[in-house]
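Labels below follow one simple rule: chain letters A, B, ... track the order of the sequence lines, proteins then strands, and each chain is numbered from 1.
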Protein chains: 2
Amino acid sequence: MKPSPARPRGAPAPEERIHRSIADAIADRRLPPGTRLVEEQLAELFGVSRARIRKVLLMLAQSRLVTLERNRGAMVAVPSAREAREVFHARRLIEEEIVRLLTAEGGGLAPDAAQRLRRHLDREAAALASGDRAATVRLTGEFHQLLATVSGHAVFGEILDSLIRQSSLAIAVFETPAAPSCTADEHRMIVEALERGDGDGARRLLLDHLHEIEQRLELKTLGDGAVDLRRVFAGDAAAEALAEEA
Amino acid sequence: MKPSPARPRGAPAPEERIHRSIADAIADRRLPPGTRLVEEQLAELFGVSRARIRKVLLMLAQSRLVTLERNRGAMVAVPSAREAREVFHARRLIEEEIVRLLTAEGGGLAPDAAQRLRRHLDREAAALASGDRAATVRLTGEFHQLLATVSGHAVFGEILDSLIRQSSLAIAVFETPAAPSCTADEHRMIVEALERGDGDGARRLLLDHLHEIEQRLELKTLGDGAVDLRRVFAGDAAAEALAEEA
DNA sequence: CCCACCCGGATTGTCTACAATCCCTTTCAC
DNA sequence: GTGAAAGGGATTGTAGACAATCCGGGTGGG
(Lines give C-alpha, C1' and ligand atoms only; values in the text may rest on other atoms or scores of the structure.)
Protein backbone atom coordinates (compact mmCIF):
# COMPACT_ATOMS: atom_id res chain seq x y z
CA MET A 1 0.00 0.00 0.00
CA LYS A 2 1.23 3.37 -0.93
CA PRO A 3 2.01 5.86 1.72
CA SER A 4 -0.94 8.03 2.58
CA PRO A 5 -2.02 10.76 2.83
CA ALA A 6 -1.05 12.54 -0.34
CA ARG A 7 2.61 12.99 -0.97
CA PRO A 8 3.67 16.24 -2.55
CA ARG A 9 5.72 16.13 -5.71
CA GLY A 10 7.14 19.62 -5.65
CA ALA A 11 7.32 21.77 -2.55
CA PRO A 12 5.75 19.96 0.37
CA ALA A 13 2.26 21.08 1.27
CA PRO A 14 2.12 22.79 4.63
CA GLU A 15 -0.30 20.18 5.92
CA GLU A 16 2.50 17.86 6.84
CA ARG A 17 4.31 20.54 8.79
CA ILE A 18 1.14 21.64 10.53
CA HIS A 19 0.22 18.06 11.33
CA ARG A 20 3.64 17.48 12.84
CA SER A 21 3.53 20.71 14.82
CA ILE A 22 0.18 19.97 16.37
CA ALA A 23 0.98 16.33 17.07
CA ASP A 24 4.26 17.29 18.70
CA ALA A 25 2.59 19.99 20.75
CA ILE A 26 0.12 17.39 21.98
CA ALA A 27 2.88 14.93 22.77
CA ASP A 28 4.90 17.60 24.61
CA ARG A 29 1.78 18.57 26.56
CA ARG A 30 1.93 22.11 25.28
CA LEU A 31 -1.57 21.34 24.10
CA PRO A 32 -3.07 19.51 27.05
CA PRO A 33 -6.04 17.14 26.73
CA GLY A 34 -9.25 19.06 26.35
CA THR A 35 -7.70 22.09 24.70
CA ARG A 36 -9.97 23.75 22.16
CA LEU A 37 -8.49 23.87 18.68
CA VAL A 38 -10.17 26.69 16.83
CA GLU A 39 -9.82 26.47 13.09
CA GLU A 40 -9.65 30.17 12.39
CA GLN A 41 -6.99 30.71 15.02
CA LEU A 42 -4.86 27.88 13.75
CA ALA A 43 -5.30 29.09 10.19
CA GLU A 44 -4.05 32.51 11.21
CA LEU A 45 -1.23 31.10 13.28
CA PHE A 46 0.05 28.85 10.51
CA GLY A 47 -0.71 31.36 7.77
CA VAL A 48 -2.95 29.12 5.71
CA SER A 49 -6.62 28.91 4.88
CA ARG A 50 -9.07 27.13 7.07
CA ALA A 51 -9.51 24.33 4.60
CA ARG A 52 -6.01 23.10 5.24
CA ILE A 53 -6.49 23.22 8.95
CA ARG A 54 -9.65 21.19 8.63
CA LYS A 55 -7.78 18.58 6.70
CA VAL A 56 -5.12 18.28 9.35
CA LEU A 57 -7.67 18.16 12.12
CA LEU A 58 -9.51 15.38 10.33
CA MET A 59 -6.33 13.39 10.10
CA LEU A 60 -5.53 13.98 13.75
CA ALA A 61 -9.05 12.94 14.62
CA GLN A 62 -8.65 9.67 12.81
CA SER A 63 -5.51 9.08 14.82
CA ARG A 64 -7.55 9.65 17.94
CA LEU A 65 -5.36 12.54 19.06
CA VAL A 66 -8.16 15.02 18.51
CA THR A 67 -11.89 14.76 18.84
CA LEU A 68 -14.14 16.52 16.37
CA GLU A 69 -17.66 17.30 17.42
CA ARG A 70 -20.00 18.45 14.69
CA ASN A 71 -20.75 22.16 14.82
CA ARG A 72 -18.80 22.44 18.04
CA GLY A 73 -15.24 22.16 16.87
CA ALA A 74 -12.10 20.26 17.66
CA MET A 75 -10.25 19.65 20.85
CA VAL A 76 -7.33 17.62 22.03
CA ALA A 77 -8.67 14.22 22.96
CA VAL A 78 -9.23 13.22 26.56
CA PRO A 79 -8.85 9.47 26.85
CA SER A 80 -10.92 7.53 29.31
CA ALA A 81 -9.29 5.16 31.77
CA ARG A 82 -10.61 2.24 29.80
CA GLU A 83 -9.18 3.50 26.59
CA ALA A 84 -5.86 4.07 28.28
CA ARG A 85 -5.77 0.52 29.54
CA GLU A 86 -6.65 -0.82 26.13
CA VAL A 87 -3.99 1.25 24.45
CA PHE A 88 -1.33 -0.03 26.81
CA HIS A 89 -2.55 -3.55 26.35
CA ALA A 90 -2.30 -3.20 22.60
CA ARG A 91 1.16 -1.68 22.96
CA ARG A 92 2.38 -4.60 25.03
CA LEU A 93 1.08 -7.03 22.44
CA ILE A 94 2.55 -5.24 19.45
CA GLU A 95 5.85 -4.33 21.02
CA GLU A 96 6.40 -7.83 22.33
CA GLU A 97 5.92 -9.16 18.81
CA ILE A 98 8.29 -6.56 17.42
CA VAL A 99 10.99 -7.65 19.84
CA ARG A 100 10.26 -11.22 18.85
CA LEU A 101 10.84 -10.24 15.23
CA LEU A 102 14.09 -8.53 16.09
CA THR A 103 15.47 -11.69 17.64
CA ALA A 104 13.72 -14.13 15.34
CA GLU A 105 16.84 -15.47 13.72
CA GLY A 106 18.22 -16.54 17.06
CA GLY A 107 21.05 -14.09 16.67
CA GLY A 108 21.34 -10.61 18.02
CA LEU A 109 20.48 -7.38 16.37
CA ALA A 110 21.68 -6.61 12.89
CA PRO A 111 24.65 -4.22 13.20
CA ASP A 112 22.91 -1.26 11.58
CA ALA A 113 19.87 -1.74 13.78
CA ALA A 114 22.03 -1.89 16.88
CA GLN A 115 23.82 1.23 15.75
CA ARG A 116 20.61 3.17 15.25
CA LEU A 117 19.32 2.14 18.66
CA ARG A 118 22.60 3.04 20.31
CA ARG A 119 22.63 6.44 18.68
CA HIS A 120 19.12 6.99 19.90
CA LEU A 121 20.09 6.07 23.44
CA ASP A 122 22.88 8.64 23.22
CA ARG A 123 20.38 11.28 22.18
CA GLU A 124 18.10 10.33 25.04
CA ALA A 125 20.95 10.61 27.51
CA ALA A 126 22.01 13.97 26.10
CA ALA A 127 18.50 15.39 26.35
CA LEU A 128 18.19 14.13 29.90
CA ALA A 129 21.56 15.58 30.88
CA SER A 130 20.71 18.96 29.38
CA GLY A 131 17.42 19.12 31.27
CA ASP A 132 15.40 19.43 28.09
CA ARG A 133 12.25 17.79 29.37
CA ALA A 134 10.20 18.02 26.21
CA ALA A 135 12.93 16.49 24.11
CA THR A 136 13.43 13.77 26.70
CA VAL A 137 9.78 12.85 26.68
CA ARG A 138 9.64 12.82 22.91
CA LEU A 139 12.79 10.78 22.47
CA THR A 140 11.59 8.34 25.07
CA GLY A 141 8.50 7.68 22.98
CA GLU A 142 10.50 7.56 19.79
CA PHE A 143 12.64 4.78 21.18
CA HIS A 144 9.69 2.45 21.05
CA GLN A 145 8.84 3.59 17.56
CA LEU A 146 12.41 2.98 16.49
CA LEU A 147 12.13 -0.62 17.60
CA ALA A 148 9.32 -1.03 15.11
CA THR A 149 11.24 0.80 12.41
CA VAL A 150 14.32 -1.38 12.69
CA SER A 151 12.12 -4.48 12.78
CA GLY A 152 11.11 -3.59 9.24
CA HIS A 153 7.46 -4.46 9.84
CA ALA A 154 5.70 -1.40 8.47
CA VAL A 155 2.18 -2.35 9.52
CA PHE A 156 3.25 -2.82 13.13
CA GLY A 157 5.11 0.45 12.85
CA GLU A 158 2.02 2.32 11.81
CA ILE A 159 -0.17 0.75 14.44
CA LEU A 160 2.42 1.45 17.10
CA ASP A 161 2.90 5.05 16.03
CA SER A 162 -0.74 5.67 16.71
CA LEU A 163 -0.70 3.74 19.96
CA ILE A 164 2.33 5.59 21.27
CA ARG A 165 0.74 8.94 20.59
CA GLN A 166 -2.44 7.85 22.25
CA SER A 167 -0.60 6.56 25.26
CA SER A 168 1.14 9.91 25.60
CA LEU A 169 -2.28 11.45 25.91
CA ALA A 170 -3.26 8.90 28.49
CA ILE A 171 -0.13 9.68 30.45
CA ALA A 172 -0.94 13.38 30.33
CA VAL A 173 -4.37 12.74 31.81
CA PHE A 174 -3.67 10.02 34.32
CA GLU A 175 -0.14 10.43 35.50
CA THR A 176 0.10 10.71 39.27
CA PRO A 177 1.80 13.89 40.43
CA ALA A 178 4.38 12.17 42.59
CA ALA A 179 5.34 9.50 40.10
CA PRO A 180 9.05 8.86 39.84
CA SER A 181 10.53 9.81 36.53
CA CYS A 182 11.39 7.12 34.05
CA THR A 183 14.93 5.86 34.28
CA ALA A 184 16.99 6.01 31.13
CA ASP A 185 18.53 2.66 31.91
CA GLU A 186 15.51 0.67 30.98
CA HIS A 187 15.86 1.35 27.29
CA ARG A 188 19.55 0.62 27.48
CA MET A 189 18.99 -2.73 29.11
CA ILE A 190 16.48 -3.65 26.43
CA VAL A 191 18.97 -2.80 23.69
CA GLU A 192 21.69 -4.76 25.44
CA ALA A 193 19.48 -7.82 25.69
CA LEU A 194 18.62 -7.50 22.01
CA GLU A 195 22.27 -7.16 21.10
CA ARG A 196 23.25 -10.35 22.82
CA GLY A 197 20.30 -12.15 21.22
CA ASP A 198 18.47 -12.66 24.46
CA GLY A 199 14.94 -12.46 23.06
CA ASP A 200 13.23 -13.66 26.19
CA GLY A 201 15.17 -11.22 28.31
CA ALA A 202 14.46 -8.33 25.97
CA ARG A 203 10.77 -9.15 25.96
CA ARG A 204 10.60 -9.38 29.71
CA LEU A 205 12.42 -6.09 30.13
CA LEU A 206 10.18 -4.42 27.61
CA LEU A 207 6.97 -5.70 29.15
CA ASP A 208 8.18 -4.71 32.61
CA HIS A 209 9.03 -1.29 31.24
CA LEU A 210 5.60 -0.83 29.70
CA HIS A 211 3.95 -2.24 32.80
CA GLU A 212 5.81 0.25 34.91
CA ILE A 213 4.72 3.13 32.73
CA GLU A 214 1.14 1.99 33.03
CA GLN A 215 1.40 1.50 36.78
CA ARG A 216 2.27 5.14 37.16
CA LEU A 217 -1.16 6.04 35.89
CA GLU A 218 -4.21 6.19 38.07
CA LEU A 219 -6.38 3.97 35.93
CA LYS A 220 -9.28 3.08 38.11
CA THR A 221 -10.44 -0.49 37.84
CA LEU A 222 -14.04 0.50 38.17
CA GLY A 223 -14.33 1.67 34.58
CA ASP A 224 -15.06 4.87 32.79
CA GLY A 225 -17.78 6.25 34.97
CA ALA A 226 -15.95 5.99 38.24
CA VAL A 227 -15.30 9.33 39.83
CA ASP A 228 -13.01 9.90 42.75
CA LEU A 229 -15.06 12.45 44.64
CA ARG A 230 -12.21 13.35 46.89
CA ARG A 231 -10.27 14.53 43.91
CA VAL A 232 -13.27 16.33 42.47
CA PHE A 233 -13.79 18.45 45.55
CA ALA A 234 -10.11 18.91 46.14
CA GLY A 235 -10.20 21.15 43.08
CA ASP A 236 -7.93 18.99 41.02
CA ALA A 237 -8.22 20.16 37.44
CA ALA A 238 -7.65 16.78 35.84
CA ALA A 239 -10.28 15.16 38.00
CA GLU A 240 -12.67 17.92 37.12
CA ALA A 241 -12.18 17.11 33.49
CA LEU A 242 -12.97 13.50 34.27
CA ALA A 243 -16.07 14.47 36.16
CA GLU A 244 -17.27 16.37 33.12
CA GLU A 245 -16.68 13.35 30.99
CA ALA A 246 -18.64 11.04 33.25
CA MET B 1 -11.05 8.87 23.43
CA LYS B 2 -14.18 10.10 21.81
CA PRO B 3 -15.43 8.54 18.63
CA SER B 4 -14.00 10.21 15.59
CA PRO B 5 -14.47 11.57 13.04
CA ALA B 6 -17.20 14.10 13.75
CA ARG B 7 -20.52 12.75 14.85
CA PRO B 8 -23.56 14.58 13.60
CA ARG B 9 -26.10 15.85 16.10
CA GLY B 10 -29.06 16.27 13.82
CA ALA B 11 -29.42 14.58 10.48
CA PRO B 12 -26.34 12.53 9.72
CA ALA B 13 -23.93 14.11 7.26
CA PRO B 14 -23.71 12.21 4.01
CA GLU B 15 -20.00 11.61 4.56
CA GLU B 16 -20.70 8.58 6.67
CA ARG B 17 -22.98 7.07 4.05
CA ILE B 18 -20.54 7.81 1.27
CA HIS B 19 -17.65 6.43 3.28
CA ARG B 20 -19.57 3.24 3.91
CA SER B 21 -20.60 2.91 0.27
CA ILE B 22 -17.10 3.26 -1.04
CA ALA B 23 -15.58 1.01 1.60
CA ASP B 24 -18.18 -1.65 0.93
CA ALA B 25 -17.68 -1.39 -2.82
CA ILE B 26 -13.98 -1.93 -2.27
CA ALA B 27 -14.60 -4.89 0.02
CA ASP B 28 -17.05 -6.42 -2.47
CA ARG B 29 -14.53 -5.92 -5.26
CA ARG B 30 -16.94 -3.75 -7.19
CA LEU B 31 -14.11 -1.24 -7.00
CA PRO B 32 -11.06 -3.36 -7.73
CA PRO B 33 -7.56 -2.38 -6.62
CA GLY B 34 -6.16 0.32 -8.85
CA THR B 35 -9.51 1.84 -9.78
CA ARG B 36 -9.37 5.60 -10.28
CA LEU B 37 -11.67 7.50 -7.95
CA VAL B 38 -12.42 10.82 -9.58
CA GLU B 39 -13.71 13.43 -7.19
CA GLU B 40 -16.05 15.18 -9.61
CA GLN B 41 -17.63 11.91 -10.70
CA LEU B 42 -18.16 10.75 -7.15
CA ALA B 43 -19.55 14.15 -6.21
CA GLU B 44 -22.06 13.91 -9.03
CA LEU B 45 -22.91 10.32 -8.25
CA PHE B 46 -23.56 10.95 -4.56
CA GLY B 47 -25.15 14.35 -5.20
CA VAL B 48 -22.79 16.35 -3.00
CA SER B 49 -20.04 18.87 -3.50
CA ARG B 50 -16.49 17.87 -4.10
CA ALA B 51 -15.41 19.03 -0.69
CA ARG B 52 -17.32 16.22 0.96
CA ILE B 53 -15.86 13.66 -1.37
CA ARG B 54 -12.39 14.89 -0.59
CA LYS B 55 -13.05 14.46 3.08
CA VAL B 56 -14.17 10.89 2.61
CA LEU B 57 -11.25 10.08 0.36
CA LEU B 58 -8.86 11.46 2.95
CA MET B 59 -10.37 9.22 5.57
CA LEU B 60 -10.21 6.21 3.30
CA ALA B 61 -6.62 7.05 2.54
CA GLN B 62 -5.72 7.08 6.20
CA SER B 63 -7.27 3.64 6.47
CA ARG B 64 -5.02 2.55 3.64
CA LEU B 65 -7.94 1.54 1.46
CA VAL B 66 -7.23 4.34 -0.98
CA THR B 67 -4.05 5.99 -2.09
CA LEU B 68 -3.97 9.71 -2.73
CA GLU B 69 -1.29 11.08 -4.99
CA ARG B 70 -0.88 14.83 -5.04
CA ASN B 71 -2.23 16.44 -8.19
CA ARG B 72 -2.96 13.04 -9.63
CA GLY B 73 -5.96 11.92 -7.68
CA ALA B 74 -7.19 8.96 -5.73
CA MET B 75 -7.37 5.31 -6.49
CA VAL B 76 -8.21 2.10 -4.71
CA ALA B 77 -5.06 0.92 -3.04
CA VAL B 78 -2.99 -1.91 -4.48
CA PRO B 79 -1.19 -3.67 -1.68
CA SER B 80 2.22 -5.14 -2.22
CA ALA B 81 2.95 -8.73 -1.30
CA ARG B 82 4.97 -7.55 1.64
CA GLU B 83 2.20 -5.39 2.94
CA ALA B 84 -0.23 -8.25 2.55
CA ARG B 85 1.98 -10.52 4.59
CA GLU B 86 2.38 -7.93 7.29
CA VAL B 87 -1.35 -7.32 7.45
CA PHE B 88 -2.04 -11.02 7.90
CA HIS B 89 0.67 -11.26 10.50
CA ALA B 90 -0.87 -8.40 12.43
CA ARG B 91 -4.28 -10.00 12.10
CA ARG B 92 -3.07 -13.25 13.55
CA LEU B 93 -1.52 -11.43 16.48
CA ILE B 94 -4.54 -9.29 17.24
CA GLU B 95 -7.16 -11.95 16.66
CA GLU B 96 -5.31 -14.48 18.78
CA GLU B 97 -5.28 -12.00 21.62
CA ILE B 98 -8.97 -11.28 21.16
CA VAL B 99 -9.77 -14.96 21.44
CA ARG B 100 -7.60 -15.09 24.53
CA LEU B 101 -9.67 -12.27 25.98
CA LEU B 102 -12.89 -14.08 25.16
CA THR B 103 -11.81 -17.11 27.14
CA ALA B 104 -9.81 -15.27 29.77
CA GLU B 105 -12.04 -16.17 32.68
CA GLY B 106 -11.54 -19.86 32.03
CA GLY B 107 -15.21 -20.19 31.20
CA GLY B 108 -16.90 -20.19 27.86
CA LEU B 109 -18.44 -17.32 26.05
CA ALA B 110 -20.87 -15.02 27.81
CA PRO B 111 -24.38 -15.99 26.70
CA ASP B 112 -25.10 -12.77 24.82
CA ALA B 113 -21.77 -13.01 23.01
CA ALA B 114 -22.46 -16.59 22.03
CA GLN B 115 -25.89 -15.58 20.82
CA ARG B 116 -24.54 -12.80 18.64
CA LEU B 117 -21.94 -15.07 17.11
CA ARG B 118 -24.50 -17.78 16.49
CA ARG B 119 -26.84 -15.35 14.81
CA HIS B 120 -23.99 -14.21 12.63
CA LEU B 121 -23.19 -17.78 11.64
CA ASP B 122 -26.81 -18.17 10.63
CA ARG B 123 -26.59 -15.12 8.42
CA GLU B 124 -23.40 -16.43 6.84
CA ALA B 125 -25.04 -19.74 6.13
CA ALA B 126 -28.10 -18.06 4.64
CA ALA B 127 -26.01 -15.86 2.35
CA LEU B 128 -24.01 -18.87 1.22
CA ALA B 129 -27.13 -20.91 0.57
CA SER B 130 -28.72 -18.12 -1.45
CA GLY B 131 -25.63 -17.76 -3.62
CA ASP B 132 -25.18 -14.12 -2.66
CA ARG B 133 -21.44 -13.98 -3.08
CA ALA B 134 -20.91 -10.37 -2.11
CA ALA B 135 -22.89 -10.78 1.08
CA THR B 136 -21.04 -13.99 1.86
CA VAL B 137 -17.67 -12.33 1.46
CA ARG B 138 -18.70 -9.38 3.57
CA LEU B 139 -20.24 -11.44 6.34
CA THR B 140 -17.18 -13.65 6.39
CA GLY B 141 -15.04 -10.63 7.15
CA GLU B 142 -17.54 -9.29 9.64
CA PHE B 143 -17.31 -12.49 11.64
CA HIS B 144 -13.79 -11.63 12.62
CA GLN B 145 -14.78 -8.10 13.45
CA LEU B 146 -17.60 -9.40 15.60
CA LEU B 147 -15.12 -11.38 17.66
CA ALA B 148 -13.44 -8.10 18.52
CA THR B 149 -16.75 -6.41 19.23
CA VAL B 150 -17.91 -9.05 21.68
CA SER B 151 -14.50 -9.04 23.33
CA GLY B 152 -15.26 -5.46 24.37
CA HIS B 153 -11.75 -4.28 23.58
CA ALA B 154 -12.42 -1.21 21.47
CA VAL B 155 -8.81 -0.47 20.54
CA PHE B 156 -8.30 -3.96 19.18
CA GLY B 157 -11.61 -3.61 17.39
CA GLU B 158 -10.48 -0.47 15.61
CA ILE B 159 -7.12 -1.88 14.66
CA LEU B 160 -8.73 -5.05 13.41
CA ASP B 161 -11.36 -3.22 11.40
CA SER B 162 -8.62 -1.57 9.43
CA LEU B 163 -6.62 -4.78 9.08
CA ILE B 164 -9.61 -6.74 7.85
CA ARG B 165 -10.37 -4.18 5.17
CA GLN B 166 -6.77 -4.13 4.11
CA SER B 167 -6.61 -7.89 3.97
CA SER B 168 -9.67 -7.90 1.73
CA LEU B 169 -7.71 -5.76 -0.67
CA ALA B 170 -4.79 -8.12 -0.48
CA ILE B 171 -7.09 -11.02 -1.23
CA ALA B 172 -8.46 -9.19 -4.24
CA VAL B 173 -4.97 -8.71 -5.62
CA PHE B 174 -3.32 -11.97 -4.75
CA GLU B 175 -5.95 -14.64 -4.65
CA THR B 176 -5.15 -17.57 -6.93
CA PRO B 177 -7.85 -18.25 -9.50
CA ALA B 178 -8.24 -21.88 -8.64
CA ALA B 179 -8.30 -21.42 -4.90
CA PRO B 180 -10.95 -23.46 -3.12
CA SER B 181 -13.64 -21.39 -1.52
CA CYS B 182 -13.63 -20.90 2.19
CA THR B 183 -15.69 -23.41 4.09
CA ALA B 184 -18.37 -22.04 6.37
CA ASP B 185 -17.57 -24.65 8.96
CA GLU B 186 -14.41 -23.01 10.14
CA HIS B 187 -16.17 -20.13 11.82
CA ARG B 188 -18.63 -22.53 13.38
CA MET B 189 -15.90 -24.65 14.84
CA ILE B 190 -14.26 -21.57 16.31
CA VAL B 191 -17.50 -20.51 17.95
CA GLU B 192 -18.07 -24.01 19.31
CA ALA B 193 -14.61 -24.09 20.82
CA LEU B 194 -15.22 -20.69 22.41
CA GLU B 195 -18.57 -21.82 23.77
CA ARG B 196 -17.09 -24.81 25.56
CA GLY B 197 -14.30 -22.62 26.92
CA ASP B 198 -11.59 -24.29 24.93
CA GLY B 199 -9.34 -21.28 24.51
CA ASP B 200 -6.41 -23.18 23.14
CA GLY B 201 -8.59 -25.00 20.67
CA ALA B 202 -10.28 -21.81 19.55
CA ARG B 203 -6.96 -20.10 19.07
CA ARG B 204 -5.55 -22.97 17.07
CA LEU B 205 -8.61 -23.09 14.86
CA LEU B 206 -8.52 -19.36 14.33
CA LEU B 207 -4.83 -19.28 13.46
CA ASP B 208 -5.26 -22.23 11.12
CA HIS B 209 -8.20 -20.43 9.53
CA LEU B 210 -6.21 -17.25 9.00
CA HIS B 211 -3.21 -19.22 7.82
CA GLU B 212 -5.38 -20.97 5.29
CA ILE B 213 -6.73 -17.69 3.98
CA GLU B 214 -3.21 -16.40 3.60
CA GLN B 215 -2.01 -19.59 1.93
CA ARG B 216 -4.55 -19.06 -0.81
CA LEU B 217 -2.69 -15.92 -1.82
CA GLU B 218 0.31 -15.92 -4.09
CA LEU B 219 2.56 -13.92 -1.84
CA LYS B 220 5.98 -14.35 -3.28
CA THR B 221 8.71 -14.77 -0.77
CA LEU B 222 11.09 -12.69 -2.83
CA GLY B 223 9.67 -9.39 -1.69
CA ASP B 224 7.93 -6.46 -3.24
CA GLY B 225 9.90 -6.16 -6.41
CA ALA B 226 9.47 -9.70 -7.54
CA VAL B 227 7.38 -9.98 -10.66
CA ASP B 228 5.96 -13.16 -12.03
CA LEU B 229 6.68 -12.56 -15.69
CA ARG B 230 4.46 -15.40 -16.78
CA ARG B 231 1.52 -13.63 -15.29
CA VAL B 232 2.57 -10.29 -16.73
CA PHE B 233 2.68 -11.55 -20.27
CA ALA B 234 -0.37 -13.66 -19.83
CA GLY B 235 -2.25 -10.36 -19.76
CA ASP B 236 -3.44 -10.74 -16.21
CA ALA B 237 -4.75 -7.36 -15.16
CA ALA B 238 -3.75 -7.67 -11.52
CA ALA B 239 -0.23 -8.68 -12.39
CA GLU B 240 -0.02 -5.79 -14.78
CA ALA B 241 -0.85 -3.50 -11.96
CA LEU B 242 1.93 -5.08 -9.97
CA ALA B 243 4.37 -4.65 -12.81
CA GLU B 244 3.49 -0.99 -12.88
CA GLU B 245 4.14 -0.77 -9.21
CA ALA B 246 7.54 -2.39 -9.41
C1' DC C 1 11.13 7.94 -38.16
C1' DC C 2 12.15 9.74 -33.68
C1' DC C 3 12.35 13.14 -30.25
C1' DA C 4 11.24 17.43 -28.11
C1' DC C 5 8.08 20.94 -27.24
C1' DC C 6 3.64 22.97 -26.77
C1' DC C 7 -1.17 23.14 -26.02
C1' DG C 8 -5.56 21.72 -24.40
C1' DG C 9 -8.50 19.14 -21.52
C1' DA C 10 -9.22 16.81 -17.24
C1' DT C 11 -8.57 16.92 -12.65
C1' DT C 12 -6.88 18.37 -8.28
C1' DG C 13 -5.71 22.11 -4.85
C1' DT C 14 -7.03 26.11 -2.53
C1' DC C 15 -9.48 29.95 -1.02
C1' DT C 16 -13.31 32.72 0.13
C1' DA C 17 -18.00 33.84 0.93
C1' DC C 18 -22.13 32.67 2.87
C1' DA C 19 -25.29 29.57 5.37
C1' DA C 20 -25.97 26.88 9.50
C1' DT C 21 -25.28 25.83 14.23
C1' DC C 22 -24.33 26.48 18.96
C1' DC C 23 -23.64 28.81 23.18
C1' DC C 24 -23.85 32.62 26.16
C1' DT C 25 -25.95 36.77 27.64
C1' DT C 26 -29.78 39.69 28.15
C1' DT C 27 -34.51 40.62 28.67
C1' DC C 28 -39.12 39.64 29.88
C1' DA C 29 -42.81 37.29 32.19
C1' DC C 30 -44.55 34.92 36.11
C1' DG D 1 -35.84 35.22 42.10
C1' DT D 2 -36.29 31.83 38.50
C1' DG D 3 -37.09 30.08 34.10
C1' DA D 4 -37.90 30.68 29.25
C1' DA D 5 -37.22 33.02 24.98
C1' DA D 6 -34.72 35.90 21.89
C1' DG D 7 -30.66 37.88 20.02
C1' DG D 8 -25.90 38.28 18.96
C1' DG D 9 -21.34 36.69 18.34
C1' DA D 10 -18.18 32.99 17.53
C1' DT D 11 -17.36 29.15 15.05
C1' DT D 12 -18.14 25.38 11.98
C1' DG D 13 -20.04 23.41 7.51
C1' DT D 14 -20.41 23.74 2.70
C1' DA D 15 -20.19 24.99 -2.03
C1' DG D 16 -18.51 27.30 -5.96
C1' DA D 17 -14.96 29.72 -8.43
C1' DC D 18 -10.51 30.02 -9.94
C1' DA D 19 -5.57 28.73 -9.88
C1' DA D 20 -2.31 25.01 -10.35
C1' DT D 21 -0.82 20.63 -12.05
C1' DC D 22 -0.43 16.70 -14.96
C1' DC D 23 -0.86 13.88 -18.93
C1' DG D 24 -1.75 12.79 -23.58
C1' DG D 25 -1.90 14.05 -28.24
C1' DG D 26 -0.37 16.75 -32.04
C1' DT D 27 3.10 19.25 -34.55
C1' DG D 28 7.53 20.60 -36.07
C1' DG D 29 12.41 19.95 -36.60
C1' DG D 30 16.46 17.12 -37.18
Output the rounded distance in Å from [atom1] ([X]) to [atom2] ([N]).
X	N	atom1	atom2	answer
A:Ile53	D:dT11	CD1	P	14 Å
B:Glu39	D:dT21	CD	P	16 Å
A:Glu40	C:dC22	CD	P	20 Å
B:Lys55	D:dG13	NZ	C1'	8 Å
A:Glu69	D:dA10	CD	P	21 Å
B:Glu16	D:dG13	CD	C1'	16 Å
A:Leu68	D:dG13	CG	P	8 Å
A:Asn71	D:dT12	CG	P	10 Å

- Query: When all nucleic acid strands are considered with a 4.0 Å heavy-atom cut-off, which category describes A:Leu37: base, sugar-phosphate, or nothing?
  - Reply: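 Sugar-phosphate contact only.
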- Task: For B:Arg52, report the nucleic acid contact type (base, sugar-phosphate, nothing); a contact means any heavy atom under 4.0 Å.
- Result: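 The answer is sugar-phosphate, as B:Arg52 gets under 4.0 Å only of primed atoms, P, OP1 or OP2.
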Per [X] side chain, nearest of listed nucleotides [options]:
X	options	result
A:Ser49	D:dG13, C:dT14, D:dA15	C:dT14
B:Arg54	C:dT11, C:dT14, D:dT14	C:dT14
B:Ala51	D:dG13, D:dT11, D:dA15	D:dA15

- Ignoring hydrogens and angles, tell me if any N or O in the side chain of A:Gln145 forms a donor-acceptor pair with the backbone of A:Asp161 under 3.5 Å.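 Answer holds: yes.
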- Message: Main chain of B:Glu158, side chain of B:Ser162: is a donor-acceptor contact present, judged purely on distance under 3.5 Å?
- Response: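 Not confirmed, B:Ser162 side chain does not pair with B:Glu158 backbone.
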- Message: Quiz question: by atom type and distance under 3.5 Å, do the side chains of B:Glu97 and B:His153 form a donor-acceptor pair?
- Response: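 Per modelled atom types, B:Glu97 and B:His153 side chains form no pair under 3.5 Å.
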- Task: Describe, as an angle rounded to 10 degrees, how the axis at the first end of the helix from C:dC1-D:dG30 to C:dC30-D:dG1 is tilted relative to the axis at the last end, five pairs per end.
- Result: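 About 0°, once rounded to a multiple of 10°.
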- Reckon B:Arg50 has a side-chain N or O less than 4.0 Å from the OP1 or OP2 of D:dC18?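 So the side-chain polar atoms of B:Arg50 never come under 4.0 Å of the phosphate oxygens OP1 or OP2 of D:dC18.
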- Query: When you check the phosphate oxygens OP1 and OP2 of D:dT14, does a side-chain N or O of A:Arg70 lie under 4.0 Å from one of them?
  - Reply: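 Affirmative; the distance criterion is met.
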Is [Y] close to [X] at the side-chain level, that is, under 4.5 Å between some pair of heavy atoms?
X	Y	result
B:Glu95	B:Leu160	yes
B:Phe46	B:Arg52	no
B:Leu163	A:Val155	yes

- Do B:Arg72 side-chain and C:dG13 base share a donor-acceptor contact under 3.5 Å?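 No such pair is found, so the answer is no.
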- Message: Out of the candidates B:Ile22, B:Thr67, B:Leu37, only one should pair with B:Leu60 under the side chain to side chain contact (heavy atoms under 4.5 Å, CB included) rule; please name it.
- Response: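 Single side chain to side chain contact (heavy atoms under 4.5 Å, CB included) partner of B:Leu60 among B:Ile22, B:Thr67, B:Leu37: B:Ile22.
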